[in-house]
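Heads up, the thing below is written out as structure tokens.
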Amino acid sequence: MALEKKFDATTREPRLYQAWEAAGCFVAGANAKPEASSYCIMIPPPNVTGVLHMGHAFNNTLQDIMMRWKRMQGFDTLWQPGTDHAGIATQMVVERRLAETQQPSRAEMGRDAFLEKVWEWKEESGGQIINQLKRLGASCDWDREAFTMSGNFPDTVIKVFVEMYNKGLIYRGKRLVNWDPHFETAISDLEVENVETPGHMWHFKYPLAGGATYTYIEKDEDGNITLEETRDYISIATTRPETMLGDGAVAVHPSDERYASIVGKLCEIPVGPKEFRRLIPIITDEYPDKDFGSGAVKITGAHDFNDYQVAKRGGIPMFNLMDTKAAMRADGKPYAEEAAVAQAIANGTQEFDEAMIAAMNLVPQEYRGMDRFEARKKVVQDITDEGLAVMMPVTTTDDEGEETTTLIPYVENKPIMQPYGDRSKVVIEPLLTDQWFVDTDQIVGPALDAVRNGDVKIMPESGEKVYYNWLDNIEPWCISRQLWWGHQIPVWFDADGNQFCATTEAEAQANAGEGVELTRDPDVLDTWFSSGLWPIGTLGWPEETDALKRYFPTSDLITGQDILFFWVARMMMMQLAVVDEIPFKNVYLHGLVRDAHGKKMSKSTGNVIDPLDIIDEYGADALRFTNAAMASLGGALKLDTKRIEGYRNFVTKLWNAGTYGDFKGTFDVPHADGVPETTLPLNNWIKGEIAKTGEAVDAALETYRFNDAASTLYSFVWNTFCSQYLEFTKPVLDGDDAAAAAETKATYAWGFDQCLILLHPIMPFVTEELWGAKERPKMLVHTDWPTYTAVDLVDAQADADLSWTVAMIEAIRSARAQMNVPGGDFVPLVVVGMDAAATSAWNQNEALIKRFARIESLTVVDTMPKGTAALAVSGGAFGIPLDGIIDVAAEKARLEKTLGKLAKELGGLRGRLNNPKFADSAPAEVIEETKANLALREDEETKLKDALARISELG
RNA sequence: GGGCGAUUAGCUCAGCGGUAGAGCACUUCAUUGACAUUGAAGGGGUCACAAGUUCGAUCCUUGUAUCGCCCA
């Protein structure tokens with residue numbers, strides 16, 4: 001059959017994919033050899049409503065390379081695909097759509113109706129990313145496609161929750177959590193992005209109770225007094241004045257002498273109606289930094305993580321000031337009543353508990369219902385108006401040179417780290433709420449040990465350090481979300497708030513007793529709680545499924561380093577906590593795919609590269625090859641379309657090597673499984689080169705060095721197979737020796753097949769297409785991966801002869817080009833003192849050298865004729881006689897340049913060998929190698945010096 | 001502030017205790033022979049800087065500078 005002139009990726013790739021799918025090529029266990037070991041990869045599940053971006057394309061290319069390679073090797077493979085319900089992200093998208101289409105809002109339609117809308121949207125868009133993965137060529141077992149909200153998965157999640165609850169690994173409590181005021185839900189630490197933002201630090205006076213005064217003294221480093229004054233206040237610096245209303249104390253460092261005399265006294269929060277101002281104690285704690293601000297900090301336990309710790313230590317009440325939208329609270333009793341109770345607490349005359357404090361609203365009437373940022377402005381204004389802002393002098397000069405000094409409020413402009421929700425992009429508010437937590441301290445140990453003892457390997461190695469660093473300092477994991485889309489927490493409460501955790505409502509009811517009214521916790525679980533169970537969940541746990549037995553623990557996990565904590569670490573902890581086994585053996589982490597200049601791809605920058613556009617323009621194979629070539633362990637991923645173009649050209653190159661073979665009849669050679677028997681040096685040689693390449697590819701993939709595999713194949717196919725071997729077959733296939741031609745045809749056919757096989761994991765489409773151009777027992781996707789080795793196939797003689805031949809051709813071409821010998825002319829070659837090896841190599845490959853270097857004859861002479869261009873080739877002094885036409889100056893320059901390089905090298909080699917310490921210390925083989933190298937270079941130098949001397953005689 | 005990394009050709013990046021590599025870009029030449037998505041030849045590097053270890057350092061160690069990412 002004749003091949004098309006070009007490979008049309010756009011039309012061929014989808015058809016090839018369909019053919020694989022139709023033949024069941026990707027089904028778990030397909031092409032497995034009997035008794036094969038298993039090889040399993042879990043896809044990092046993309047968001048169900050997502051679209052394929054370059055990160056997915058990169059990540060899935062690497063996974064597919066591993067899968068296809070292992071499948072061809074006959075492993076029992078499973079690539080488990082699926083999608084994630086992605087709680088916040090999906091709920092956000094659906095809510096936005098509701099708004100855009102003028103439908104009732106989430107709150108208006110209620111939970112059940114809203115969830116129906118989410119499912120509708122999932123059905124509508126859920127298949128998209130899967131189809132995009134297919135365009136990339138991903139060989140997942142689609143029959144097993146999973147989704148974190150359907151099939152057995154929800155049962156798995158609920159069962160794990162119940163088990164962990166029963167083991168005491170999950171608890172509920174009122175804690176300060178990161179609260180997203182936009183989505184009105186708690187989020188985990190990892191979902192918060194801290195961004196440096198311009199901010200202000202205000203300085204306010206908290207008056208001492210009852211008009212008390214003290215002497216405030218500041219000293220410099222040497223203990224000299226720099227400031228001494230009587231104060232009736234303590235100065236407080238804050239970036240968040242609106243939270244002053246919830247202050248429970250002012251804290252100073254225990255060693256801070258400036259405030260020692262007033263510790264234990266009360267001071268007044270300078271906000272709110274004057275008659276109800278609260279008094280709070282001045283306490284000591286290790287937290288305040290003496291050198292920061294005034295050294296005294298206000299303690300607002302309910303709205304700051306550091307203050308929360310101080311308040312917990314000091315038993316200081318934490319007054320919650322804000323509602324779920326982060327507006328100042330408008331509920332509760334009038335301010336006057338609340339403030340009176342709070343004062344009693346501060347005075348120590350009122351008992352209090354957590355629930356009582358939580359119910360109190362200490363927001364003064366005029367602030368109630370205000371947005372937090374509005375409230376901030378008002379607080380600052382009110383305090384300043386009252387004269388309680390710390391003032392600083394500012395001197396200005398007027399037109400007449402008159403200096404005036406005025407006092408203005410002391411406000412520092414300084415960058416502050418502001419927390420933002422990674423999805424909502426609004427400022428996160430620390431908020432005191434009831435949430436569910438995983439007690440990570442209890443389950444982190446095995447996850448750390450598994451990596452420390454090598455059961456799980458993380459690549460690159462730096463990933464392990466990052467992993468340790470995070471897990472060693474892990475915080476409790478807040479797993480409840482005040483969302484609707486997700487796995488609802490399986491806990492029911494009775495009227496007294498008693499918890500009944502069970503897998504079903506009936507079970508909870510049974511535990512609570514008949515007739516007890518129960519309400520289910522409305523919250524859902526963090527998406528990562530369920531995706532943390534992806535390995536066992538997709539394999540059917542808690543059922544002892546066949547898949548679980550065969551494929552768990554899985555083999556490799558290939559994922560972005562950005563989800564090392566979110567996902568990888570949590571899968572480790574969860575799998576070990578639930579089934580007491582590691583989820584996977586190797587973790588390959590990669591970075592973010594960036595643009596050609598290393599910039600993050602973003603819509604606003606406009607530098608986003610859509611993988612589907614790339615596939616349309618260049619084909620999936622080109623994109624995949626680019627991905628593989630970029631994937632050095634730990635390397636940066638900069639995607640340049642020029643590079644993709646280059647690999648598209650490589651696809652074409654391979655295709656043309658196919659059309660050459662087709663043209664020469666190599667596709668008429670029937671398919672055979674074994675390595676062909678050969679006698680010709682060029683055929684012996686290419687077999688060895690292929691074996692070496694195969695070994696290099698295996699070695700690269702075994703160590704996840706995809707870039708090495710790609711560059712080895714690129715260089716072999718383009719340079720060795722096409723530029724050399726293919727060219728060398730021309731004289732034989734066109735020649736009169738029928739036996740030689742037949743052998744070469746068969747060898748070319750086999751060699752080209754090997755290229756297709758070795759390239760298939762990286763470039764599945766074009767290779768399968770070329771494979772299909774001949775009658776075959778199996779599709780390429782299921783063809784056996786080679787097991788021959790270099791030891792089997794390398795013929796040392798052929799190897800040496802062909803290497804010499806290639807070097808000879810290159811030396812002649814180089815000399816010709818530099819001597820300006822017209823390309824078409826055949827020229828004679830002469831040699832003095834040709835040795836046996838060179839003679840043998842010449843005899844074997846004379847036709848090739850003559851044809852490709854355009855040589856008409858080789859003559860052995862006693863002395864070089866005058867005006868000969870010398871060649872730096874081993875085995876004799878070769879030269880091209882160019883008497884009369886030689887450019888003497890050019891030839892001198894050429895020789896001098898080569899001699900210069902040689903001299904530098906010789907200097908290094910001799911220096912090393914002359915150093916007695918080198919002889920003593922270096923390994924014998926290095927010394928031998930150096931000596932041999934020196935001899936070779938000296939020989940070359942002698943010949944070239946002779947040549948230079950001769951040419952110098954001419955001019 | 002803590003952690004992790006990077007610095008190699010004009011650009012994007014590999015690499016390695018003992019000859020400095022690729023792709024792109026650049027220069028010159030080639031055009032009916034599988035392929036112009038091509039072929040041939042070529043130019044281009046104090047491997048950031050400094051000290052140390054070593055017979056030998058671009059590579060290992062320490063420090064400096066610059067840049068990046070993650071966590072506070």
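So that the names make sense, note that chain A is the first sequence line, chain B the second, and so on, each numbered from 1.
Picking from rU37(B), rU19(B), rG23(B) the nucleotide with the shortest atom distance to the side chain of Arg937(A) gives rU19(B). Nearest to the side chain of Arg813(A), among rA34(B), rC4(B), rA40(B), sits rA40(B). With rA40(B), rG18(B), rA25(B) as the candidates, the nucleotide lying closest to the side chain of Arg912(A) is rG18(B). Comparing rC71(B), rC4(B), rA41(B) by their nearest atom to the side chain of Phe565(A) picks out rC71(B). Checking rC16(B), rA72(B), rG23(B) against every side-chain atom of Arg705(A), the shortest atom distance belongs to rC16(B). Taking only side-chain atoms of Phe918(A), from C-beta outward, the nucleotide of rC55(B), rU37(B), rA40(B) with the closest atom is rC55(B).
The interatomic distance linking Arg854(A) (CZ) with rC29(B) (P) rounds to 19 Å, in whole Å. In this structure, Lys465(A) places its NZ atom 10 Å from C1' of rG3(B), rounding to the nearest Å. Rounded to whole angstrom, the span from the CG atom of Asn473(A) across to the C1' atom of rG2(B) amounts to 9 Å. When the C1' atom of rA25(B) is taken as reference, atom CG of Asp640(A) falls 11 Å away, rounded to whole Å. Atom CD1 of Ile428(A) is separated from atom P of rA72(B) by 13 Å (rounded to the nearest Å). Rounded to an integer number of Å, the gap from Ile849(A) CD1 to rA40(B) P is 17 Å. The nearest whole Å value for the distance from the CE atom in Met630(A) to the C1' atom in rA22(B) is 16 Å. Computed from coordinates, the Arg648(A) CZ to rC35(B) P distance equals 17 Å when rounded to whole Å.
Applying the 4.0 Å criterion to OP1 and OP2 of rA34(B), one finds that Lys5(A) has every side-chain N and O outside that range. Dashed line: the shortest gap from a side-chain N or O of Lys6(A) to OP1 or OP2 of rC35(B) is not under 4.0 Å. Within the structure, a side-chain polar atom (N or O) of Asn194(A) is placed less than 4.0 Å from OP1 or OP2 of rA72(B). Between Gln561(A) and rC70(B) there is no side-chain polar atom (N or O) within less than 4.0 angstrom of OP1 or OP2. Between Lys642(A) and the phosphate of rU37(B), there is no side-chain N or O to OP1/OP2 separation shorter than 4.0 Å. OP1 or OP2 of rG39(B) has at least one side-chain nitrogen or oxygen of Trp718(A) nearer than 4.0 Å.
Side-chain rings of Phe752(A) and Tyr660(A) stay apart, their centers remaining 6.0 Å or farther from each other. Ring centroids of Phe706(A) and Phe58(A) are separated by 6.0 Å or more, keeping the two rings apart. Note: Tyr618(A) and Phe625(A) fail the aromatic proximity criterion, with ring centroids not under 6.0 Å apart.
Using a 4.0 Å heavy-atom criterion, one finds that Phe650(A) contacts no nucleic acid atom at all. Leu564(A) comes within contact range of no nucleotide atom at all, as no heavy-atom separation falls under 4.0 Å. Looking at heavy-atom distances under 4.0 Å, Glu645(A) makes no contact with the nucleic acid at all. Heavy atoms of Glu727(A) sit under 4.0 angstrom from at least one base atom. Heavy atoms of Asn707(A) sit under 4.0 angstrom from primed sugar atoms or phosphate atoms, though from no base atom. Across all strands shown, Ser462(A) has heavy atoms under 4.0 Å from sugar-phosphate atoms exclusively, and none from any base. If you check every strand for non-hydrogen atoms under 4.0 Å, Asn469(A) touches sugar and phosphate atoms only.
Only the P atoms considered, rG21(B) is 14 Å distant from rC47(B), to the nearest whole Å. Comparing the same atom, C1', in rC55(B) and in rA6(B) gives a spacing of 31 Å after rounding to whole Å. The gap from the P atom of rC67(B) to that of rC24(B) amounts to 32 Å, rounded to the nearest Å. Going from the C1' atom of rG17(B) to that of rG5(B) covers 23 Å, rounded to whole Å. Taking atom C1' in both rG18(B) and rG10(B), one finds a spacing of 30 Å when rounded to whole Å. To the nearest whole angstrom, the two C1' atoms, one in rU19(B) and one in rU32(B), are 42 Å apart. Spacing between rG42(B) and rC49(B) at atom C1', rounded to whole Å, works out to 33 Å. Comparing the same atom, C1', in rC26(B) and in rA51(B) gives a spacing of 39 Å after rounding to whole Å.
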Run the numbers on Phe721(A) and Tyr748(A) for ring-ring contact (aromatic ring centres under 6.0 Å, His included), then give the verdict.
-> CA-CA 9 Å; Phe721(A) 195 80; Tyr748(A) 187 92; 5.2 Å; yes
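Comparing Lys664(A) and Lys917(A), the nucleotide of RNA chain B nearest to each residue sits closer to the 5' end for Lys664(A). Nucleotides of RNA chain B nearest to Gly661(A) and Ser814(A) differ in position, and the one nearer the 5' end is that of Gly661(A).
With respect to the salt-bridge test (charged N to carboxylate O, under 4.0 angstrom), the residues Glu938(A) and Arg910(A) qualify. At a threshold of 4.0 Å, the pair Glu193(A)-Lys425(A) counts as salt-bridged, since one of the basic side-chain nitrogens sits closer than that to a carboxylate oxygen.
In the model, Asn683(A) has a side-chain atom that pairs as donor or acceptor with a side-chain atom of Tyr725(A) under 3.5 Å.
Closest heavy-atom contact between Ala631(A) and Asn707(A): O-OD1, 3.4 Å. Scanning both residues, Lys774(A) and Phe667(A), for their nearest heavy atoms gives CE-O, 3.5 Å.
The base of rC35(B) is paired with the side chain of Lys653(A) by a donor and an acceptor separated by under 3.5 Å. Between the side chain of Arg643(A) and the base of rU12(B), no donor-acceptor pair of N or O atoms lies under 3.5 Å.
Asn845(A) contributes atom CG, which lies 11.0 Å from atom CZ of Phe852(A) (distance to the nearest 0.5 angstrom).
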Dot-bracket for RNA chain B, please, read 5' to 3', with Watson-Crick or G-U wobble pairs under 3.5 Å on both distances, ( ) within the strand, [ ] crossing, | other strand, . unpaired.
-> (((((((..((((....[..)))).(((((.......))))).....(((((..]....)))))))))))).
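In this structure, Arg570(A) fails the cation-pi test against Phe565(A), since its NZ or CZ atom is not both closer than 6.0 Å to the six-membered ring centre and inside 45 degrees of the ring normal.
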